[in-house]
Colleague: 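One structure follows; several queries about it will come next.
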Amino acid sequence: MLPTRGYAAMQAGSKLEPFTFTRREVGPDDVLITIRYCGICHSDIHQARDEWGGSIFPMVPGHEIVGTVSRVGSAVDRFREGDIVGVGCFVDSCRVCSSCARGLEQYCEEGMILTYNGLDKQGQPTYGGYSTQIVVDQRYVLHIPSGLPLEGTAPLLCAGITTYSPLRQWGVGPGHKLAVVGLGGLGHMAVKLGRAFGAEVTVLSHSEIKRKDAERLGASDFVVISQETSLAHLARRFDCMVDTVSTVHDVDALLELLKVDGTLILVGAPNASLSISPFALILKRRRLVGSLIGGIRETQEMLDFCAAHGITSDVEVIPIHYVNEAYERVVRGDVRFRFVIDLASLEQT
Ligand code: NAP
Ligand code: ZN
Ligand code: ZN
């Protein structure tokens with residue numbers, strides 16, 4: 001067993017604190033990764049606070065992992081010591097079901113094994129990227145293309161693929177009007193990727209203070225949404241919307257902004273039901289769809305696309321001991337646009 005240091009929430013909602021645990025030995029197909037950077041996704045907070053239910057504690061969060069291969073198992077043929085690699089939201093799946101066969105491991109019929117807050121095939125809890133190292137089967141490890149700044153690349157492993165995948169699935173491209181709802185970690189990646197795919201992007205945000213950032217990221221329009229402001233002037237404007245909002249909100253009001261046959265892609269995952277009026281869909285043959293991260297093949301495609309187009313996340317790099325304050329700031333919407341933990345700071349504690 002490999003002794004490993006990290007930061008964990010010991011119970012629901014408790015502050016994260018230093019935590020020592022063990023990783024499994026490097027098996028024939030495994031890669032041992034020394035973690036360099038790990039992004040803080042809002043899903044880390046939902047799970048550490050058990051907002052979705054069923055969380056497993058102690059919990060070492062983190063599924064936006066970039067690091068260096070420090071050892072490989074005897075059968076590993078895709079990676080070598082010293083390679084820069086990434087790990088996203090899952091570290092295994094059944095490998096044989098119809099979803100896995102299609103490269104859609106995130107929709108595995110047996111359930112993917114989450115990078116943290118999951119149980120591995122031996123029934124042991126999985127621990128994530130707020131830690132010094134991780135052992136992962138090579139099938140679930142990504143190549144990080146050279147030339148990408150590593151801290152800005154870590155968030156691509158979740159925020160990047162979670163927006164890339166549905167934008168591709170629903171064919172967003174030149175001539176499309178795309179709205180991005182919520183300018184946080186996912187939202188700012190949706191703006192960058194939507195632009196790179198050739199769409200005209202509008203940001204719908206709850207805070208006026210993000211206007212300049214939205215323009216800098218490539219949005220051509222910015223609209224503040226609040227209970228006082230009417231969105232009537234945007235009715236039937238968009239072909240597609242990406243909804244990244246992390247709390248319960250008015251989806252009907254957003255659906256009204258879609259054209260006939262428009263698509264609202266829900267990626268934000270509030271902890272309670274959203275109400276939908278049937279007529280918001282029926283009257284204009286609109287679609288309301290969901291999307292969950294992306295499979296390994298598509299995640300690699302996204303990384304290669306981002307490298308080719310010089311796309312990374314806008315990040316604020318923090319030492320690990322700042323993580324609890326960072327969580328509070330994410331919940332307040334006070335981050336531009338992703339906190340990323342420099343794991344060298346854990347070595348120094
Ligand atoms: P984030 O950085 O906190 O961004 C969420 C944004 O939502 C905020 O920046 C804010 O943008 C808006 N927002 C927050 N509270 C709001 C409120 N009360 N009313 C309206 N808008 C509000 O979070 P994230 O990491 O991007 O994640 C967003 C959501 O996606 C989370 O629920 C997360 O769990 C989920 N997620 C889903 C997947 C998936 O596969 N589907 C993957 C990763 C994350 P403005 O200030 O601009 O309004
Ligand atoms: Zn995430
Ligand atoms: Zn499967």
Side-chain angles (χ1 to χ4, degrees), residues 38-49 51-52 61-65 88-90 92-117 128-129 154-166 180-191 203-211 213-214 217 219 222-227 242-251 253-254 265-272 289-295 299 313-316 326-339:
C38 185
I40 295 179
C41 177
H42 205 120
S43 302
D44 299 349
I45 302 172
H46 287 310
Q47 291 173 93
R49 297 182 175 179
E51 291 172 355
W52 294 335
H63 59 208
E64 293 183 335
I65 299 168
C89 298
F90 56 92
D92 213 335
S93 63
C94 86
R95 307 179 189 180
V96 293
C97 75
S98 55
S99 295
C100 286
R102 293 169 64 201
L104 300 173
E105 300 91 347
Q106 75 276 32
Y107 304 121
C108 174
E109 298 294 334
E110 302 292 317
M112 62 179 163
I113 294 176
L114 294 171
T115 302
Y116 69 88
N117 195 25
L156 301 182
L157 277 305
C158 177
I161 185 60
T162 299
T163 47
Y164 181 95
S165 181
V180 175
V181 191
L183 195 59
L186 268 55
H188 92 293
M189 290 311 306
V191 174
V203 169
L204 306 187
S205 168
H206 290 80
S207 42
E208 174 65 35
I209 54 168
K210 295 182 181 174
R211 182 182 292 273
D213 284 310
L217 293 167
F222 181 89
V223 178
V224 175
I225 38 176
S226 71
Q227 275 168 348
V242 180
D243 181 350
T244 76
V245 175
S246 52
T247 54
V248 173
H249 57 289
D250 185 355
V251 178
L254 298 178
I265 302 162
L266 195 62
V267 288
N271 65 347
V289 302
S291 191
L292 176 66
I293 49 177
T299 303
S313 171
D314 289 18
V315 299
E316 189 173 326
Y327 272 26
E328 294 303 327
R329 285 183 54 195
V330 171
V331 171
R332 289 202 302 271
D334 175 23
V335 51
R336 284 190 172 76
F337 277 92
R338 203 55 142 186
F339 286 114

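Counting convention: from 1, in listed order, for ligands and their atoms alike. All of these numbers come straight from a predicted model, not from anything done at the bench.
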Colleague: Gly333 to ligand 1: N or O pair under 3.5 Å?
Modeller: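 No: no nitrogen or oxygen of Gly333 is under 3.5 Å from one in ligand 1.
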
Colleague: May I ask you to check whether over 12 heavy atoms, not counting those of Arg95, lie within 6.0 Å of atom CZ?
Modeller: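 Enclosed: over 12 neighbouring heavy atoms sit under 6.0 Å from CZ of Arg95.
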
Colleague: Looking only at atom types and distance, does a side-chain atom of Thr162 sit under 3.5 Å from a main-chain N or O of Cys158, one as donor and one as acceptor?
Modeller: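 Judged by distance alone, yes, a pair lies under 3.5 Å.
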
Colleague: Within a distance under 4.0 Å of any heavy atom of Val245, pick out the atoms of ligand 1 and give their elements.
Modeller: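 Result: 7 (O), 20 (C), 21 (N), 22 (C).
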
Colleague: Whether Glu109 and Arg102 form a salt bridge (side-chain N of Lys/Arg under 4.0 Å from carboxylate O of Asp/Glu) is what I want to check.
Modeller: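 Here Arg102 does not pair with Glu109 in a salt bridge, since their nearest N and O are not under 4.0 Å apart.
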
Colleague: Of the side chain and backbone of His249, name the one, both, or neither that has a heavy atom under 4.0 Å from an atom of ligand 1.
Modeller: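 Neither part.
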
Colleague: To the nearest 0.5 Å, what is the distance between OG1 (Thr115) and CG (Asp92)?
Modeller: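 So the OG1 of Thr115 and the CG of Asp92 are separated by 10.0 Å.
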
Colleague: Tell me whether the rings of His63 and Tyr116 are parallel (<30°), tilted (30 to 60°) or perpendicular (>60°).
Modeller: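 Ring orientation of His63 relative to Tyr116: tilted.
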
Colleague: With heavy-atom distances below 4.5 Å as the criterion, would you say the side chains of Leu157 and Ile65 are in contact?
Modeller: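 Not in contact.
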
Colleague: With nothing but distance in play, are any N or O atoms of Pro270 less than 3.5 Å from an N or O of ligand 1?
Modeller: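 In fact, backbone or side chain, Pro270 has no N or O that close.
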
Colleague: Look at atom 5 (C) of ligand 1 and say which protein heavy atom is nearest, naming residue and atom and giving the distance to 0.1 Å.
Modeller: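 The closest one turns out to be Thr244 O, 3.7 Å.
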
Colleague: Hey, looking at atom 46 (O) of ligand 1, which of His63, His46, Lys210, His206 has the closest heavy atom?
Modeller: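 Going through His63, His46, Lys210, His206 one by one, Lys210 has the nearest heavy atom to atom 46 (O) of ligand 1.
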
Colleague: Need the ligand 1 atom indices (1-based, order shown) with element for anything under 4.0 Å from a heavy-atom of Arg338.
Modeller: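 It comes down to these atoms of ligand 1: 24 (P), 25 (O).
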
Colleague: Heavy-atom contacts under 4.0 Å between Ile293 and ligand 1: side chain, backbone, both, or neither?
Modeller: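 The part of Ile293 near ligand 1 is both the backbone and the side chain.
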
Colleague: If you count the atoms of ligand 1 from 1 in the order shown, which ones are under 4.0 Å from a heavy atom of Ser207?
Modeller: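 With Ser207 as reference, the close atoms of ligand 1 come out as 46 (O).
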
Colleague: Please evaluate residues His249 and Leu254 with respect to the criterion side-chain contact (heavy atoms from CB on, under 4.5 Å), reporting the C-alpha separation (whole Å), side-chain torsions for both, the decisive distance (0.1 Å), and the verdict.
Modeller: CA-CA 10 Å; His249 57 289; Leu254 298 178; 4.0 Å; yes

Colleague: Identify, by atom number and element, the atoms of ligand 1 in contact range of Val330, meaning under 4.0 Å from any of its heavy atoms.
Modeller: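 The list of qualifying atoms is 3 (O).
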
Colleague: Considering only protein heavy atoms, which is closest to atom 44 (C) of ligand 1, and at what distance to one decimal place?
Modeller: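 Result: Ser43 OG, 3.2 Å.
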
Colleague: Counting each atom of ligand 1 from 1 as listed, which ones have a heavy atom of His42 under 4.0 Å away?
Modeller: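 Those qualifying, in numeric order: 1 (P), 3 (O), 23 (O), 24 (P), 25 (O), 27 (O), 31 (C).
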
Colleague: How about the Zn ion (ligand 2), which protein N, O or S atoms come within less than 2.8 Å?
Modeller: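 Near the Zn ion (ligand 2), below 2.8 Å, one finds Cys41 SG, His63 NE2, Cys158 SG.
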
Colleague: Under 4.0 Å from a heavy atom of Ser205: which atoms of ligand 1 are those, numbered in the order shown and with their elements?
Modeller: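 Selected atoms, number and element: 45 (P), 46 (O), 47 (O), 48 (O).
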
Colleague: Rounded to the nearest 0.5 Å, what separates atom NE2 in His46 from atom OG1 in Thr247?
Modeller: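 Here the rounded value is 8.5 Å.
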
Colleague: Measure Thr247 to ligand 1 on non-hydrogen atoms and call it side chain, backbone, both or neither using the 4.0 Å cut-off.
Modeller: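 It is the side chain that gets close, since no backbone atom is under 4.0 Å.
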
Colleague: For atom 43 (C) of ligand 1, what is the nearest protein heavy atom, given as residue, atom name and distance?
Modeller: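 Nearest neighbour among protein heavy atoms for atom 43 (C) of ligand 1, to 0.1 Å: Cys158 SG, 3.4 Å.
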
Colleague: With a cut-off of 4.0 Å, which atoms of ligand 1 are near a heavy atom of Trp52?
Modeller: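 Selected atoms, number and element: 34 (O).
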
Colleague: Out of the candidates Cys38, Cys41, Ser313, only one should pair with Pro155 under the side-chain contact (heavy atoms from CB on, under 4.5 Å) rule; please name it.
Modeller: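 Single side-chain contact (heavy atoms from CB on, under 4.5 Å) partner of Pro155 among Cys38, Cys41, Ser313: Ser313.
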
Colleague: Sorted by chain and residue number, which protein N/O/S atoms are under 2.8 Å from the Zn ion (ligand 3)?
Modeller: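 Atoms qualifying: Cys94 SG, Cys97 SG, Cys100 SG, Cys108 SG.
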
Colleague: For atom 37 (C) of ligand 1, which candidate among Val267, Ile40, Ile45 provides the closest heavy atom?
Modeller: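 Answer by nearest heavy atom: Val267.
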
Colleague: Among all protein heavy atoms, pick out the one at the shortest distance from atom 39 (C) of ligand 1; state its residue, atom name and that distance to 0.1 Å.
Modeller: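 Answer, as residue, atom name and distance: Thr162 CG2, 3.4 Å.
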
Colleague: Counting C-beta onward and ignoring hydrogens, is there a side-chain heavy-atom pair between Asn271 and Arg49 closer than 4.5 Å?
Modeller: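 Not in contact.
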
Colleague: Using a 4.0 Å heavy-atom cut-off, which part of Ser291 comes near ligand 1: side chain, backbone, both, or neither?
Modeller: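 The answer is the backbone.
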
Colleague: Under 4.0 Å from a heavy atom of Leu183: give me the atoms of ligand 1 that qualify, with their elements.
Modeller: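 Under 4.0 Å from Leu183, ligand 1 has these atoms: 9 (O), 11 (O), 45 (P), 47 (O).
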
Colleague: Just wondering, do Lys210 and Val203 contact through their side chains at under 4.5 Å, heavy atoms?
Modeller: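 No; the side chains remain at least 4.5 Å from each other.
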
